[in-house]
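See below for the structure under consideration.
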Amino acid sequence: MIFINFRCGHCKNLAPAYEEVADAFEKVDNVVIANVDADAHKELGSRFGVRGFPTLKFFPAGSTEPEDYSGGRSASDIVTYVNNKAGTRARIKQVPTAVTVLDPTNFDGIVLDETKDVLVEFYAPW
Amino acid sequence: MHHGNILLLFLTFRCGHCKKLAPTYEKLAQVYKNDENVVIASVDADAHKSLGGRYGVTGFPTLKFFPKANKDGVAYSSGRDLPDFVTFINAEAGTQRLENGRLASTAGTVTALNKIASAFLKSDDRAALIAEAEGIVAEEGAGEFYVKYMNAINKRGDEWVAKEVERLTGLVESDNIAGDKLDQFTVRLNIISKF
């Protein structure tokens, strides 16, 4: 007997970014960032020809014809797309953090400063 | 129909350890946000591959510590719980933080002055103790509040000590005070508690 357990890893990966998109549009009345469990509600998935997960579709105002979204799945990619479509200017909320964020422009200035003791976490966002 | 054996391999790359470390790392940065010579930093080494490459980083997350005296960096290989990090940073940087971000009860105290303070209330020659304390303050360049408190006790009476401890404790434990002010009040509480 073979048990195959399929888990939607890509759905889990998208979730935090999708949450950020929702936060960005929280106060924008004419834009709704929504989701549907297409496994629990198969008729909704099949109505729109959804075969794989996650699938992102954009429903413009007053239309029942959605457009497939096949762009990048970062929060900023999705926010840019929705802004373009809806004519809005929502922005991703920056979570205040006490961690010093490094990039090539500030790394040496901060890390190699001999007056500071610096702990650096090298991470990947995926 | 012949169905071949099919092996399906799902590959999901996730830095689970990065996500797991994130809340602790944020707390760590909060602990040291008032110590200007300690920096808790992070770099997306996937977006900035040159930086990870420079330090031979192959797995994530990788933690490296760059103390003042060694900018080649050393691997951080202690534990990834908050107490582990705080113990490490305190030892390396000479800081005295608790996990809740407050200064420990030894912060701002001077051992030689602690001895004088504990003898002060019972002493029959307070003037001599004050003089001695002033000498130590001049030598160490620290501990002015010991002398201030000695003079204040003489002026306001011995019962004032308990009142001042209560006052400072209230301030330190209130939620309204943070940062430098909180550190200053903590140091003063640490010192008055020695009397």
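Below, each value reflects all heavy atoms present in this structure, side chains not excepted, and no hydrogens, waters or symmetry copies.
- Heavy-atom minimum distance, A/Asp117 versus B/Phe65: CB-CZ, 3.8 Å.
- Side-chain heavy atoms closer than 4.5 Å link hydrophobic residues (I, L, V, M, F, W, Y) into clusters, and following such links, even through other members, never connects B/Val31 to B/Ile177.
- Between B/Ser42 and A/Leu102, the closest side-chain pair of non-hydrogen atoms is not below 4.5 Å.
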Item to check | From CA spacing to verdict: side chain to side chain contact (heavy atoms under 4.5 Å, CB included), B/Leu28, A/Leu119 | outcome: CA-CA 10 Å; B/Leu28 181 65; A/Leu119 182 66; 3.8 Å; yes

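- By the 6.0 Å contact criterion, NZ on B/Lys181 is open, its count of non-hydrogen atoms from other residues, nucleotides or ligands being 12 or less.
- With a threshold of 4.5 angstrom between heavy atoms, B/Val38 approaches chain A through its backbone and through its side chain.
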Exercise for the section: Might you work through the side chain to side chain contact (heavy atoms under 4.5 Å, CB included) test for A/Val111 and B/Lys71, ending with a clear yes or no? Expected result: CA-CA 8 Å; A/Val111 176; B/Lys71 292 303 176 179; 5.6 Å; no

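- When all heavy atoms are compared, the tightest approach of A/Lys116 to B/Glu36 is NZ-O, 3.0 Å.
- In terms of heavy-atom pairs under 4.5 Å with chain A, the best-connected choice from B/Leu51, B/Thr95, B/Asp35 is B/Leu51.
- Both the backbone and the side chain of B/Gln30 have a heavy atom closer than 4.5 Å to some heavy atom of chain A.
- The heavy-atom pair separating B/His48 from A/Pro104 by the smallest distance is ND1-CD, 3.1 Å.
- With rounding to the nearest 0.5 Å, the separation of CG in B/Asn70 from CD in A/Glu114 is 10.5 Å.
- Both A/Phe58 and A/Leu14 are members of a single hydrophobic cluster when ILVMFWY side chains are connected at heavy-atom separations under 4.5 Å.
- Using a 4.5 Å cut-off between heavy atoms, B/Tyr76 contacts chain A through its side chain alone, with no backbone atom that close.
- Of the two parts of B/Arg54, only the side chain, counted from C-beta on, holds a non-hydrogen atom closer than 4.5 Å to a non-hydrogen atom of chain A.
- Heavy atoms from other residues, nucleotides or ligands lying under 6.0 Å from CG of B/Asp125 number more than 12.
- B/Lys68 and A/Thr115 make their closest contact through CE-O, 3.2 Å (heavy atoms, listed as atom of the first residue, atom of the second, distance).
- Note: A/Phe122 and B/Tyr55 have tilted aromatic rings, judged against thresholds of 30 and 60 degrees for the angle between ring planes.
- Residues B/Tyr149 and B/Val165 share a hydrophobic cluster, clusters being chains of Ile/Leu/Val/Met/Phe/Trp/Tyr side chains in contact below 4.5 Å.
- Neither the backbone nor the side chain of B/Lys27 comes within less than 4.5 Å of any heavy atom in chain A.
- For chain B, no part of A/Asn106 is nearby; none of its heavy atoms comes within less than 4.5 Å.
- Side-chain N or O atoms of B/Glu26 include one that pairs as donor or acceptor with a backbone N or O of A/Ala98 at under 3.5 Å.
- The CG atom of B/Asp46 lies 9.5 Å from the OH atom of A/Tyr123; values are rounded to the nearest 0.5 Å.
- Across all non-hydrogen atoms, the minimal contact from B/Cys15 to A/Ala124 is CB-O, 3.7 Å.
- Hydrophobic cluster membership differs between A/Val36 and A/Ile33, with clusters built from Ile, Leu, Val, Met, Phe, Trp and Tyr side chains linked at under 4.5 angstrom.
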Practice prompt. Report the C-alpha separation of B/Val43 and A/Asp103 in whole Å, then their side-chain angles, then the decisive distance to 0.1 Å, and conclude whether the side chain to side chain contact (heavy atoms under 4.5 Å, CB included) test is met.
Written response: CA-CA 6 Å; B/Val43 59; A/Asp103 60 44; 5.8 Å; no

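- The hydrophobic cluster containing B/Val74 does not contain A/Val120, counting ILVMFWY residues as joined when their side-chain heavy atoms lie under 4.5 angstrom apart, directly or transitively.
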